[in-house]
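Let me begin by handing over the structure; questions about it come next.
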Amino acid sequence: MTQPYETVIGLEIHAQLTTNTKIFCGCSTEFGKTPNSQTCPVCLGLPGALPVLNRQVVEFAIKTGLATNCQIAPRSIFARKNYFYPDLPKGYQISQFELPVCEHGWQDIELEGGESKRIGITRIHMEEDAGKLIHGDTPEALGTSLVDLNRACTPLLEIVSEPDMRSADEAISYLKKIHQIVVYLGVCNGNLEEGSFRCDANVSVRPYGQAELGTRAELKNINSFRFIKEAIEHEVERQIDLIESGGKVVQETRLFDSNTGMTRSMRGKEEAHDYRYFPDPDLVPLVIDDSWIDAVRSSLPELPDAKRKRFIEKLGLPEYDAEVLASDRLLANYFDACVTHAKEAKACANWIMGEVLRKLKETDTLIGEVPISPVMLAELLDRIADNTISGKIGKTVFEKMWQTGRGADELIESEGLKQVTDTGAIETLVDEVIAANPDQVAEYLGGKDKLIGFFVGKVMQASQGKANPGMVNQLLIKRLKGN
Ligand code: ADP
Ligand code: MG
Ligand code: ZN
């Protein structure tokens, strides 16, 4: 059956910023401290306390805006978003509404088959987070809730996309791009599980060819890329089933339940808040001049897409390698440093994606803590390239380097791992192997060419892996044929 409905998705992403202090006061943003220990009259919402904007938050907003091709507003306004909830002592959240700090951006994503697609970014604005409610779950505490305001007033960026995505895969691809960018920029730690990077997905369907958008549901409470994909796919199915059976999608907020993979209604449009936004009289308009924007622009690191492109075009890496290596800033830096010291970029890529990543995983180590520096890895690769050791011995050396922190040259020397390229020495081994295996020799000479592998293996073994395999091969053929 062909799918007669088109999926439409727009994402609202909340990225918690990595500033040391909160957005409107000097309290620490450190996670996991004693409840309410990191509060002051401002973030407790005490009457008369006045907010003072954290300059670093603005800088992070500009960074993120520039990295996503937004226009930075020369003048933007903080607004009060009014609602009641026990984790919001002021009775309003300071956010931005009519004049956000960034607008009209975009981010390209790659589709299957190599094509790319541009996703519009409507706006990025700054806002404060609310506190946290801790609901009693012991028998005595059941029915009671405690308020922790340590998180109140921590800075967030909300990044709102246009409804430009047409499948859960496109949504995930876009989300991962934004995630990669904020982590690259160092403005957000990107932790989905802890809620430092969260996403609300707005989902609707419409018959193909219809210009008007369908009614959307907003999915909240999803804390992993996999769950977001599941939630969207489930929601699309639900909406199509509903329409097919004669029903109508209603605009509502739905909560995702990771246990069932389903979404359920949280509140409908009728219960939706009227936030009564108005400019916050406690905060002056935020003015950002060109010299500030230029200064931030010049501090931007090379972004993942640009890196990927450079790895392909300048270093000749295949698409896949470039993607993997550019995905993480520290990994990319490691690769770049290795390339500047080694002869071949592709060899660096192979070893980093193979041995280094495997070892990191196996030993639960972060790329920033690798005991083999890029220069050391480059040295090892050069010894393989100049035939001092074979690739196979290279892996043994790599392992020892990881364990001891010693350099390749030093280890090759002290462990006697140098490749044997002396014809005489290899010939001796070749002759021994030929003499010890007369049956196989007869078979080989009878036409069983494949047996050459057997002989090579034997000679390599006899040399403890140190003989140059190419030479072994050549000499074997010569001696066997000459027999
Ligand atoms: P709100 O803040 O009330 O959720 P917004 O207008 O800010 O409303 O929209 C939020 C998100 O919903 C945006 O990412 C937008 O692209 C997306 N969106 C709006 N309409 C639709 C729709 N019909 N289908 C899917 N996404 C939509
Ligand atoms: Mg919304
Ligand atoms: Zn405070």
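Values reported hereafter were calculated over all heavy atoms of this structure, with side chains retained and with hydrogens, waters and symmetry mates removed. These numbers were taken from a predicted model, which means no experiment stands behind them. Order of appearance sets the numbers: ligands from 1, and atoms from 1 within every ligand.
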Exercise for review: Classify the ring geometry between F197 and F225 as parallel (under 30°), tilted (30 to 60°) or perpendicular (over 60°).
Suggested key: tilted
Point to revise | Under 2.8 Å: N/O/S of C27 next to the Zn ion (ligand 3) | key: yes
Review point. Do other residues, nucleotides or ligands put more than 12 heavy atoms under 6.0 Å from the CD atom of E193?
Key: no
Review point. What atoms in ligand 1 come closer than 4.0 Å to a heavy atom of E162?
Key: 16 (O)
Study note, to complete from the structure: Per-atom filter on ligand 1: closer than 4.0 angstrom to a heavy atom of E218 are 4 (O)
Check your understanding: Going by the atom numbers of ligand 1, which of them fall below 4.0 Å from some non-hydrogen atom of V160?
Key -> 13 (C), 14 (O)
Revision key, fill the gap. Closest to atom 26 (N) of ligand 1 (heavy atoms only, candidates D164, T122, N202) is N202
Exercise for review: Report, in ascending order of atom number, the atoms of ligand 1 lying under 4.0 Å from any heavy atom of G214.
Suggested key: 23 (N)
Exercise for review: Under 4.0 Å from a heavy atom of L11: give me the atoms of ligand 1 that qualify, with their elements.
Suggested key: 14 (O)
**Study point:** Numbering as shown, the atoms of ligand 1 that approach P163 to under 4.0 Å (heavy-atom distance)
**Key:** 16 (O), 26 (N), 27 (C)
Check your understanding: Using 30° and 60° as the class limits, which term best fits the ring planes of Y277 and Y275: parallel, tilted or perpendicular?
Key -> perpendicular
**Study point:** ligand 1 contact on T215 by region, counting heavy-atom pairs under 4.0 Å
**Key:** neither
